[in-house]
Every structure is written in C-alpha cells, then in structure tokens.
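First the structure, in the form of structure tokens, and then the observations on it.
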Amino acid sequence: MYNKSIDEKWQKEWENNKIASFNKDNIDKKYYCLEMFSYPSGAKLHVGHWYNYGPVDTFARFKKMKGFEVFQPMGFDAFGLPAENYAIKTGIHPYDSTMKNIETMEKQLKAMGAMFNFDAEVITCKEDYYKWTQWLFLLLYEKGLAYRKKANVNWCPSCNTVLANEQVINGECERCSSQVTKKDLTQWFFKITDYAEELLEGLKELDWPEKTKKIQTNWIGKSTGSIVTFDVADTDLSLDVFTTRVDTLMGVTYVVVAPESDIVKNLTTKEQENVVNEYIEKCKLVTEIDRLAENREKTGVFTGSYAIHPITKEKVQIWIADYVLATYGTGCVMAVPAHDERDFAFAKKYNLPLKQVIAKKEDVRDNKNIDVVYNKNEAYTEKGVLVNSGDFNNFTTDEAKTEITKYLKSIQKGDFKTTYRLRDWLVSRQRYWGAPIPIIYCDKCGIVPVPKEDLPVKLPYDVEFKPDGKSPLAKSPEFVNTTCPHCGGHATRETDTLDTFVCSSWYQFRYPDNKNSEKIFDTEWIDKMLPVDKYVGGPEHAAMHLLYARFITKVLRDAGLTKVGEPFKSLVHQGLILGPDGNKMSKSKGNVISPDDYIEKYGSDVFRMYLMFGFSYIEGGPWSEEGITSMSKYILRLERILDKINSYKENENTSYSDEDKELLFTFNSLLKGINNDLELMQFNTAIAKIMEITNALYKYTQKDDESILNTKLLKEIAVLFIKVIAPFMPHFAEEMWSKYGKEFSVFNTTYPVEDEKYLVKDTVELAVQVNGVVRYKIVVPTSADEKEIEEIAVNNEKLKPYLENKSISKVIVIKSRIVNIVVK
RNA sequence: GCGGGUAUGGCGGAAUUGGCAGACGCGCCGGACUUAGAAUCCGGUGUCUCACGACGUGAAGGUUCAAGUCCUUUUACCCGCACCA
C-alpha cells in the first residue's frame with residue numbers, strides 16, 4: 001500500500017542511480033527548468049514552496065520522459081534580512097541559523113522526492129558563491145555601472161537603521177511600525193537606468209505573463225516629451241524642465257522646483273531666505289505616511305526669483321513645492337494651471353495667474369469667449385487647438401508638441417526628450433548578513449576596488465550584528481583596517497554589504513558551472529545551457545528580482561561573458577495557497593498548514609497530487625482538508641485497480657471487442673489531452689483526465705469473469721498508464737512499475753503519446769438544436785459531409801413537433817460539433 | 001486617481017477559444033455490505049416545476065443561426081503603480 005516508506009525506498013534508488021544528473025553529451029536536448037530558489041529564514045519549507053516545486057517537478061519529469069535532458073537545480077538565497085532579524089531576536093548567529101535551516105530544508109526537499117540536481121546546488125552566503133557576487137560588483141564598477149552618490153534614503157528612527165524600499169510598508173517600518181523618515185547617506189548604486197530602453201524593448205520577445213510585463217513596463221515608466229530651458233532673470237542660471245505637454249508652453253504662469261534641488265539656494269533671494277529654509281526643513285520632517293496621503297494639500301513657497309519664458313520672454317515666478325519630485329525628470333516643472341489639475345490646485349491656493357492656451361475647435365471657429373474656468377475634463381483634452389499662443393495658434397496639440405519643440409531647439413532653448421521612471425538600483429545595505437562590497441577607501445588614492453585576485457572579501461564571523469545605526473562591519477577593526485592595494489598605505493574597507501537581490505540576480509548563470517573556481521562561469525558552456533527554458537516562481541518578484549536579473553544578464557553580455565541577452569525565456573507564476581479560512585497563511589491567524597505532517601501521514605505523492613488537482617495552478621486558493629483525504633483515497637483506489645490488473649493471467653486475445661475499442665478510444669483521447677495539458681502546466685485538468693482513465697479501467701475490470709476480458713490488452717494499457725502517471729506520482733508509479741516486473745526506472749522510458757488509429761470512430765454523435773436549443777441527438781457516419789449530416793438531422797422524427805405551422809428557414813451544420821435548425 | 005485581473009452549482013474548479021455549460025473531484029441524498037461504525041461499492045445530485053417544460057455563467061443591454069466566451073454600460077473583490085509633470 002502506498003505510503004511514506006515507498007517514498008523513501010525510491011528516493012534512495014533515484015539518488016544511487018543519479019536520476020537527476022545532467023548528461024553533458026546530451027546538450028542538444030537540454031531543458032533548463034528553474035524554480036525560484038528558497039530563502040532559509042527561520043521557518044521550514046512551507047506549502048508555498050511545495051506548490052512551486054511539486055508541480056514544476058512533475059513538469060520537469062514529463063520533459064525528461066519527452067526526451068529532454070532536464071537540468072533542474074536547487075539552491076538557497078541565503079543572505080538577507082530575515083536571517084539577521086532572527087539572529088537579533090534570538091542571539092543565534094545568522095551563519096549558524098542559516099546553515100541549520102539549509103540542512104533542514106535540504107532534507108525536506110529530498111523528502112519531496114523532486115528531481116533536483118543537488119550537484120549543481122548554490123548557496124549564496126558561501127564564499128565560493130559570494131566571491132563571484134563581489135567579482136560581479138567589480139565588473140560593474142569597471143564598466144562605470146557601479147557608482148557612489150549621496151542619496152535620500154528611508155530611515156527608521158526607532159530601529160536606528162536604514163530600510164530598503166521593500167521594508168517600508170505604507171510609510172511604516174515593517175518591523176516596529178514606526179513612521180519612516182528620510183536621511184541623506186552616501187550609497188552605492190547600479191546604473192540600471194542605462195538599460196531602461198533595452199529592458200523595456202526586450203519584454204516584447206518574452207513568453208511571460210502579460211501582467212508581469214505590464215508591471216515591468218510601468219516600473220520602467222517610459223515617457224516621451226520635451227526639455228525646455230528657462231533662464232533665471234538677472235543671473236546666469238537656467239532651469240531645465242521636462243514636460244509631456246509642451247503644447248501648453250504658452251500657458252506657463254510659474255515654474256516649480258523640488259525643495260531638495262541643489263539649485264534652490266542659488267535661486268532664493270535674501271528676502272525669501274527665511275521662508276524657503278523653513279519650508280525645506282518642514283519638508284524633511286514630512287513622514288512617508290503623510291507624503292502618500294491621498295489628496296494631500298499642496299504647499300510651497302516663492303523663491304523670490306523669476307524665470308524668463310523662452311518664447312514670450314515674460315517673467316514668471318519660481319516657486320519650490322514638494323509636489324514636484326526631485327527624482328523624476330529634471331526635478332523642476334513648468335506650471336500650466338489652466339491645463340493641469342495639480343498646477344491648478346496650487347495656483348488657486350497661492351493666487352497665481354491662469355492662462356488658457358487650448359480650446360475646443362468649435363469654440364475657436366465660432367469665436368466663442370474662451371476665458372477660462374478650469375474644467376478637469378477639458379483641461380486635459382489633447383483634441384483641442386492652441387489659442388493665446390502667438391505663432392502657434394490653431395495648431396492641434398499634437399502638431400504643437402512637435403512644432404514648439406522644433407522651434408525651441410532652433411533657439412537652443414529645448415529639445416525632444418525621453419525620460420524613465422526607473423531609478424538606479426541602490427545596492428548598499430547597512431547590514432551584517434550580506435556580501436561585503438569589495439571596495440577600499442584610501443586617504444591618498446581615494447576609492448580603490450579590491451583586486452580581483454584578493455577576492456573574496458570575507459564576511460567576518462565574529463561581529464556585533466545588533467543594529468544601532470552604524471554598519472555592523474564598521475565595528476570590526478580587523479575587517480575595517482587594511483592596506484591600500486595601490487600605495488600600500490593605511491586604508492579602510494567599505495562596511496556596507498550588498499542588497500541580496502544582487503546575489504539572486506545572477507544565480508541562474510552559476511548553477512550549470514557551480515564548482516568553477518577560476519571564473520564566474522565558463523562562457524562557452526553557459527551559452528549552451530542558458531537561457532532558462534522555464535522559470536517558475538511567485539508573482540511578488542515581478543518588478544524587483546526579475547528586472548534585476550534581466551539587467552545583470554545584459555551587463556554580463558555587454559562584458560562579453562555570455563551571448564545570452566534575456567535569462568528567462570518563459571516564465572510562469574504559480575498562485576498562492578491560502579489557509580482553510582481563505583486568508584493568507586500566517587502564524588498570527590493560526591491558519592498555517594505544515595506540509596511535513598501530511599507527508600508523514602500520506603506520503604509525498606498524495607500531497608503534491610492534491611496541490612496539482614485542487615487548484616488552477618496560476619490561481620491557487622484555500623487549503624481543503626477534504627481535498628487531501630480524497631486524494632489519498634484516490635491513489636489507494638488506483639493502486640487496487642492496478643494490482644488487480646497485474647494479477648490477471650495474460651490471455652491470447654487478438655481481436656478487439658467493442659468494449660476493447662471503447663477502452664482504447666478513451667485511453668488514447670485522454671492521453672492526448674494529458675500531453676497537451678502538461679505542456680501548458682494545466683495540472684488540474686491533466687489529473688482529471690487521469691481519473692477518467694482510472695474510472696474507465698475500473699469499469700472494464702468489473703466483469704468478474706476474467707476469461708472474457710482481453711487481459712493482454714488491459715495489461716498493455718496499464719503499463720502505458722503507469723508511465724502516464726509517473727511525473728505526477730513519481731514514487732507510486734516507480735513502485736507499480738517495479739510490481740509489474742519492469743526494469744528500473746520508469747523515468748528512463750518515453751512518455752506515451754496517443755495512437756491516432758484508436759481515435760478513429762465509424763460514427764459520431766451530434767447534438768441537434770432547433771432555434772438554438774438542443775432537442776435531440778443524431779448518430780452520423782464520421783465520413784459524412786455537411787449535406788449528408790443535414791439530411792439525417794432534418795429527417796429525424798423528433799423534429800416534427802417543432803415544424804407545426806412553421807418551416808425550416810436555415811440549417812447550420814458544423815462538422816463533428818453541432819447542427820442548428822432554424823425554423824420560422 | 002491610473003493600470004491589470006477575477007466573478008460559473010453547497011464547495012474546489014472544467015468547458016477543443018463562438019458550437020450540447022457544470023468535465024474531474026469534494027460535499028450532500030438514497031441504497032448495498034456490516035451488530036454498528038470506518039472503509040468500499042451502486043445510484044442520484046444546477047434552479048424552478050408533480051410533470052410537459054422553462055430558466056440558468058456578478059448585473060443590464062447588444063451582435064449572432066448559436067454567447068460563460070465578442071461589443072457597450074455597470075457592480076463587487078483582488079493585485080500593481082500612485083503628485084511621474
């Protein structure tokens with residue numbers, strides 16, 4: 001009887017026989033199947049991991065049986081905050097807790113029985129991995145893609161530390177819920193913005209969920225418009241603004257600069273100095289919560305300076321206001337209160353002038369009074385024509401955008417410009433548990449990268465990692481103090497560590513060459529193994545990990561280390577398994593399902609079968625206790641049926657009865673569906689079809705007189721069926737395969753495909769509709785053409801009642817689908 | 001506010017892409033076997049109706065011989081972005 005001990009038996013055999021190993025000679029048939037690696041935080045493998053790894057293992061085994069040389073590695077994204085926070089709470093060192101967790105999780109992964117290639121394992125917190133993460137950092141540094149600058153970062157005043165963006169939940173610290181403020185710190189950045197356009201363009205060719213592509217598209221946020229230069233009156237300063245609505249240029253009545261901009265102090269006049277400084281200070285105190293508040297009232301102050309309109313040469317006031325973002329565009333906008341809602345609100349509050357420059361075509365033609373009263377719907381209109389705009393009057397908005405920019409260009413006051421919302425990637429973390437940034441600061445030589453031959457810069461074990469606002473590594477003199485690789489003088493090390501997303505941005509390249517101690521990876525080999533053919537993981541990584549990994553891949557390509565431009569050719573996001581109560585599983589809600597208990601009770605195959613059958617894979621849904629017991633019952637029933645068939649003596653029946661033919665038809669047509677479903681990762685419908693085959697086999701064996709059964713045929717089908725179920729229930733199938741006296745392993749056999757000759761039937765049943773409602777069924781020869789089908793359908797006795805006082809006006813015949821008779 | 005998605009029996013979910021709605025499973029009802037339960041097996045199970053039949057895929061319209069599927073409007077929930085000039 002199938003249970004956990006059968007799991008263990010075959011797991012041992014698979015390991016001994018290296019069923020998961022990759023045969024390099026077979027590279028032409030390689031299939032790189034990758035699941036997002038797991039994060040060994042305080043917990044064990046949870047249902048989410050299983051839902052990711054179990055079904056995808058079924059897919060991988062299917063591909064293997066389809067003749068592919070499958071590479072399915074697994075590893076651990078082992079650096080990062082959760083381990084460190086756990087350490088802070090318990091006092092257990094992150095290295096120790098992480099290693100212990102990895103050990104537990106490896107055991108669990110093996111108990112899952114997935115075909116993971118553990119020879120290819122990577123663990124990002126180990127020296128032989130993070131050495132190359134550091135190497136990668138130096139590569140970016142060499143290429144000018146890693147740079148240091150002062151940045152305004154998230155700061156938690158209670159934890160006394162910086163926070164990553166993803167740790168800020170609605171303006172609060174994820175750990176202590178204090179309000180997050182901003183602080184200026186000098187940080188390392190990766191210049192991902194250099195690749196903005198390519199990252200956007202590259203999406204087109206990817207087989208990814210549209211939603212994920214959309215998220216990346218929005219994240220990159222391309223926007224095309226113009227740059228316009230405003231000179232500052234009575235100075236030699238000038239302000240560049242970015243706008244997508246340069247057609248409204250003649251409606252500019254003031255200019256606004258972000259309060260954080262450096263230029264502000266040069267713009268501020270003596271008289272305004274106090275108000276401006278006061279305002280800047282006030283902005284710094286605004287919490288994230290307030291900043292994100294909806295419909296927040298706009299505030300700002302006048303700098304005392306004036307900008308000169310590039311075309312009219314009119315003077316307009318320059319203000320500072322925090323509704324202008326320092327980090328987008330040029331940090332400076334031209335305000336057109338008549339045609340922009342935000343500018344309107346601001347202008348109204350501070351009594352700034354309004355000037356309408358776009359009006360409806362009809363109003364212009366009819367010479368209507370076009371004095372403005374701001375109307376949200378009309379203000380945004382791009383279908384109007386220009387008014388009050390001098391030479392540009394009567395241009396449509398589209399024409400005006402081009403013509404005005406062209407004109408500005410000719411007087412050197414502007415140009416076409418594309419901007420992106422994407423910002424450079426901040427990779428510094430004031431944290432202990434990460435890869436040290438391989439940089440040395442020398443008083444004489446400045447920033448000096450650690451020579452590559454000196455890598456890795458080891459993360460010291462013995463460090464006080466509790467946070468107090470300084471990087472923990474700064475508190476280790478042995479780590480900090482070093483000699484300059486250039487001049488040999490005294491120098492200090494960078495004490496920040498790298499964001500863990502850096503570690504996970506390139507792991508897909510390391511798996512196939514994980515033991516390479518000479519190079520980050522072997523280019524020739526990697527170009528054969530990459531890209532990943534199927535990547536599966538949660539949708540929460542849509543904008544971060546998946547974008548970073550694409551960026552780093554392009555950097556590696558431009559450095560000549562690979563030809564691959566996109567790491568993940570095809571991507572699938574599995575859904576989320578919720579608690580039985582329909583809520584997200586969480587300890588506080590007490591609705592967490594622990595896989596281990598179920599594996600113990602039912603075995604791995606039952607658990608993964610339930611996960612595959614109970615939900616649409618990309619949707620997920622709430623856990624059901626009944627669901628898993630019913631799956632256990634199903635497998636036991638299947639076992640009884642297969643055992644019974646196995647016990648039959650094989651007879652010498654050579655001809656097929658109608659029942660035999662029916663069984664062959666059912667089996668082959670469902671087999672066809674299973675193959676299709678698996679290619680599309682539609683596990684639930686594939687299993688439904690497996691159950692239908694089970695039911696058909698069961699029904700067939702119900703005649704208890706063995707002698708009238710075609711047991712030869714039955715056994716042949718059973719053997720094929722065991723192959724069919726193998727990817728779904730690997731342990732159980734291997735057990736049955738062995739019971740049927742077949743040679744180990746079922747996974748070295750070929751996955752069955754339907755035999756077309758059993759799918760051909762002499763006759764086919766068609767539904768006949770009268771005026772769109774099914775009224776009766778007809779049986780027609782498969783070979784019958786539309787005319788013949790129509791004849792059979794129309795001449796049916798059952799049609800008569802519907803023809804009383806009526807006649808047939810039309811007959812639609814869809815071959816092998818349906819007949820619809822329209823009567824009037 | 002902008003963008004994307006979802007909505008089908010008591011429940012999880014199907015539906016060859018416009019062609020017999022509810023596959024498969026759970027649950028429930030009835031029956032067999034049992035002293036009894038568990039397990040197993042057989043039959044039934046969208047709603048209304050005694051029935052003929054009618055109605056039925058969040059709601060309202062529309063296109064079509066035919067709509068869960070296409071179009072318009074609308075509601076609820078989920079996700080992403082959020083003063084992006």
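Within every chain, numbering begins at 1; the chains are lettered A, B, ... in the order of the sequence lines, protein sequences first and strands thereafter. Note that the coordinates shown come from a computational prediction; the quantities given were computed from them, not determined experimentally.
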Practice item. Remember a base hit wins even if backbone is also touched, and classify A:Lys298 as base, sugar-phosphate or nothing at under 4.0 Å, heavy atoms. Key: base
Study note, to complete from the structure: Of B:A85, B:C65, B:C20, the nucleotide closest to the side chain of A:Phe242 is B:A85
Practice item. Scan A:Asp343 against the nucleic acid and name what it touches under 4.0 Å (heavy atoms): base, sugar-phosphate only, or nothing. Key: nothing
Exercise for review: Side chain of A:Glu765 only, please: which of B:C20, B:G19, B:A14 is the nearest?
Suggested key: B:C20
Review point. When rounded to the nearest Å, what value does the distance between P atoms of B:G4 and B:U8 take?
Key: 22 Å
Point to revise | Atom C1', compared across B:C65 and B:C20: separation rounded to whole Å | key: 15 Å
**Study point:** Most 5' of A:Asn218 and A:Ile818 on RNA chain B, judged by nearest nucleotide
**Key:** A:Asn218
Point to revise | Nucleotide opposite B:C70 in a Watson-Crick or G-U pair, distances under 3.5 Å | key: B:G62
Point to revise | Pairwise P distance, B:A14 and B:A23 [rounded to whole Å] | key: 13 Å
Review point. Across all strands, who's sitting opposite B:A15 as a Watson-Crick or G-U wobble pair, both distances under 3.5 Å?
Key: none
Exercise for review: Determine the Euclidean distance between corresponding P atoms of B:G9 and B:G43; express it in Å to zero decimal places.
Suggested key: 27 Å
Check your understanding: Contact class for A:Tyr634 vs. all strands (heavy atom < 4.0 Å): base, sugar-phosphate, or nothing?
Key -> nothing
Exercise for review: Consider the side chain of A:Lys214, meaning its heavy atoms from C-beta on, and name the nucleotide among B:C20, B:G3, B:C81 that approaches it most closely.
Suggested key: B:G3
Exercise for review: Have a look at A:Arg775 and say if it touches a base, only the backbone sugar-phosphate, or nothing, with a 4.0 Å heavy-atom cut-off.
Suggested key: sugar-phosphate
Review point. With both distances under 3.5 angstrom, what nucleotide forms a Watson-Crick or G-U wobble pair with B:G10?
Key: B:C26
Practice item. For A:Tyr420 and A:Thr193, test the side chains for any donor-to-acceptor distance below 3.5 angstrom and give the result as yes or no. Key: no
Check your understanding: Base, sugar-phosphate alone, or nothing: which one does A:Gly620 contact when heavy atoms must sit under 4.0 Å apart?
Key -> sugar-phosphate
Check your understanding: Which part of the nucleic acid, if any, lies within contact of A:Gly627, taking any heavy atom under 4.0 Å across all strands shown: a base, the sugar-phosphate backbone alone, or nothing?
Key -> nothing
Check your understanding: Across all strands, who's sitting opposite B:A21 as a Watson-Crick or G-U wobble pair, both distances under 3.5 Å?
Key -> none
Review point. Between B:A23, B:G27, B:G19, which one does the side chain of A:Glu626 approach most closely?
Key: B:G27
Review point. Counting any heavy atom closer than 4.0 Å, what does A:Gln769 reach on the DNA or RNA strands: base, sugar-phosphate only, or nothing?
Key: base
Review point. Toward the 5' end of RNA chain B, which comes first, A:Val822 or A:Tyr617, by nearest nucleotide?
Key: A:Tyr617
Review point. Is A:Asn820 touching bases, backbone alone, or none of the nucleic acid, heavy atoms closer than 4.0 Å?
Key: base
Point to revise | Distance-only polar pair, side chains of A:Tyr598 and A:Glu625, donor-acceptor under 3.5 Å | key: yes
**Study point:** Distance, P atom - from B:G58 to B:G13, rounded to whole angstrom
**Key:** 15 Å
Review point. Given the P atoms of B:C26 and B:A21, what is the spacing between them in whole Å?
Key: 25 Å
Practice item. Pick base, sugar-phosphate or nothing for A:Tyr698, based on heavy-atom distances below 4.0 Å to the nucleic acid. Key: sugar-phosphate
Practice item. Quick one: sort the A:Tyr617 and A:Tyr51 rings into parallel, tilted or perpendicular, breaks at 30° and 60°. Key: tilted
Review point. If anything within 90° of 0 is syn and all else is anti, what is B:G68?
Key: anti
Practice item. Taking atom P in both B:U73 and B:G5, compute the distance separating them and give it to the nearest angstrom. Key: 15 Å
Revision key, fill the gap. Between A:Arg637 and A:Asn695, the two heavy atoms sitting closest are NH1-OD1, 3.0 Å
**Study point:** Complementary nucleotide for B:A54 - Watson-Crick or wobble, under 3.5 Å
**Key:** B:U47
Study note, to complete from the structure: When both distances are under 3.5 Å in a Watson-Crick or G-U wobble arrangement, the nucleotide paired with B:U40 is B:A32
Revision key, fill the gap. Answer for the Watson-Crick or wobble partner of B:G3, both distances under 3.5 Å, is B:C79
Review point. Contact class for A:Ile215 vs. all strands (heavy atom < 4.0 Å): base, sugar-phosphate, or nothing?
Key: sugar-phosphate
Exercise for review: For A:Val241, answer base if it contacts any base atom (sugar-phosphate contacts may also be present), sugar-phosphate if it contacts only those atoms, and nothing otherwise; contact means non-hydrogen atoms under 4.0 Å.
Suggested key: nothing
Review point. Just wondering, are more than 12 heavy atoms of other shown residues or ligands nearer than 6.0 Å to NZ in A:Lys213?
Key: yes
Check your understanding: To the side chain of A:Ala688, which of B:G13, B:A85, B:A23 is closest?
Key -> B:A23
Point to revise | Check: A:Tyr350 ring centre within less than 6.0 Å of A:Tyr254 ring centre | key: no
Review point. Are A:Trp425 and A:Tyr548 an aromatic pair by the rule of ring centers under 6.0 Å?
Key: yes
Check your understanding: For A:Thr243, which contact category applies under a 4.0 Å heavy-atom criterion: base, sugar-phosphate, or nothing?
Key -> sugar-phosphate
Exercise for review: Quote, to the nearest angstrom, the C1' distance that separates B:G22 from B:G46.
Suggested key: 7 Å
Review point. Hey, is the side chain of A:Lys777 pairing donor to acceptor with the base of B:C20 inside 3.5 Å?
Key: yes
Review point. Quick check, are the ring centers of A:Trp623 and A:Phe607 under 6.0 angstrom apart?
Key: yes
